[in-house]
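Okay, structure first, notes after.
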Amino acid sequence: MTPDDWQTGMHNEASSVNDREWAMDTKLAAGRFGWRGAGVAAAVFAALGVGVVLLGQFLWRHDAPDQLWLGVMILSGMVGALLGTRRVGALEAGVGALAFLPGAWMTVVALQAVLGNAAPFTPIVGVSNEGVAVVAVIAACATGSVRTATDRLTLVRA
């Protein structure tokens with residue numbers, strides 16, 4: 001039995017009883033947090049953080065475009081949508097998106113060890129570390145929207 005089959009069975013079981021409280025608890029249990037989805041999302045967003053720092057270092061040579069942060073936010077929405085098509089939950093994508101900043105900072109530290117003073121001192125100039133929360137929210141919203149749309153489309157086709 002796959003996790004999706006188990007979740008569908010839990011929802012079917014909850015809808016077939018008259019006890020509303022038990023049905024609600026069963027539906028909540030069916031939608032629990034999935035560590036595998038969070039791990040996939042964390043790996044993808046950490047790679048995005050690494051890519052942004054490396055592009056800034058080697059392609060733009062410390063002269064990053066003014067709209068780099070806007071591009072990161074758009075990319076996080078696109079990655080979130082792709083994760084939604086892969087059946088990753090919104091919470092898992094949001095938690096995984098928090099790995100963007102550690103991936104970016106580890107790249108900065110590695111470049112400082114290798115390049116010394118020629119390395120960057122911050123992942124994205126002009127953006128505070130708290131900005132990663134915006135990336136997490138965008139990724140979670142995009143994932144949830146795509147996943148809801150695909151679930152509804154599946155129901156319409158059936």
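The figures here come from the full heavy-atom set of this structure, side chains too, leaving out hydrogens, waters and symmetry mates.
- Using a distance-only test at 3.5 Å, with no hydrogens or angles considered, no donor-acceptor pair links the side chain of S145 to the main chain of A142.
- L59 and F121 fall into different hydrophobic clusters, where Ile, Leu, Val, Met, Phe, Trp and Tyr side chains are chained together by heavy-atom contacts under 4.5 Å.
- To the nearest 0.5 angstrom, I138 atom CD1 is 9.0 Å from I74 atom CD1.
- Residue W69 comes nearest to F100 through the heavy atom pair CZ3-CE2, 4.1 Å, listed as atom of the first residue, atom of the second, then distance.
- Both V40 and L98 belong to a single network of hydrophobic side chains, linked directly or stepwise wherever heavy atoms of I, L, V, M, F, W or Y lie under 4.5 Å apart.
- A heavy-atom distance below 4.5 Å is not found between the side chains of P123 and V52.
- Using a 4.5 Å cut-off between side-chain heavy atoms of Ile, Leu, Val, Met, Phe, Trp and Tyr, with links allowed through other members, M106 and V72 fall into different hydrophobic clusters.
- In this structure, T107 OG1 and Q57 CD are separated by 11.0 Å, a value rounded to the nearest 0.5 Å.
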Show every donor-acceptor pair shorter than 3.5 Å between a side-chain atom in residues 43-50 and any protein atom, with sequence neighbours excluded, or say none if there are none.
none

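- Of the possible polar contacts, one joining the T85 side chain to the L82 backbone as a donor-acceptor pair under 3.5 Å is found.
- Here R87 pairs with D151 under the side chain to side chain donor-acceptor pair (under 3.5 Å) rule; sequence neighbours left out.
- Under the 4.5 Å side-chain criterion, counting only non-hydrogen atoms from C-beta, V108 is in contact with Q112.
- Rounding to the nearest 0.5 angstrom, the gap separating the CG atom in L75 from the CE atom in M78 is 5.5 Å.
- Counting all heavy atoms, side chain and backbone alike, A97 lies closest to A139 at CB-CB, 4.0 Å.
- Counting only distance, with no hydrogens or angles, the side chain of T143 and the backbone of G89 share no donor-acceptor pair below 3.5 Å.
- Note on W105: it clusters hydrophobically with V132, by side-chain heavy-atom contacts below 4.5 Å among ILVMFWY residues.
- V114 and V109 fall into different hydrophobic clusters, where Ile, Leu, Val, Met, Phe, Trp and Tyr side chains are chained together by heavy-atom contacts under 4.5 Å.
- Scanning both residues, V88 and G37, for their nearest heavy atoms gives CG1-O, 3.8 Å.
- The nearest pair of heavy atoms linking A99 to A42 is CB-O, 3.5 Å.
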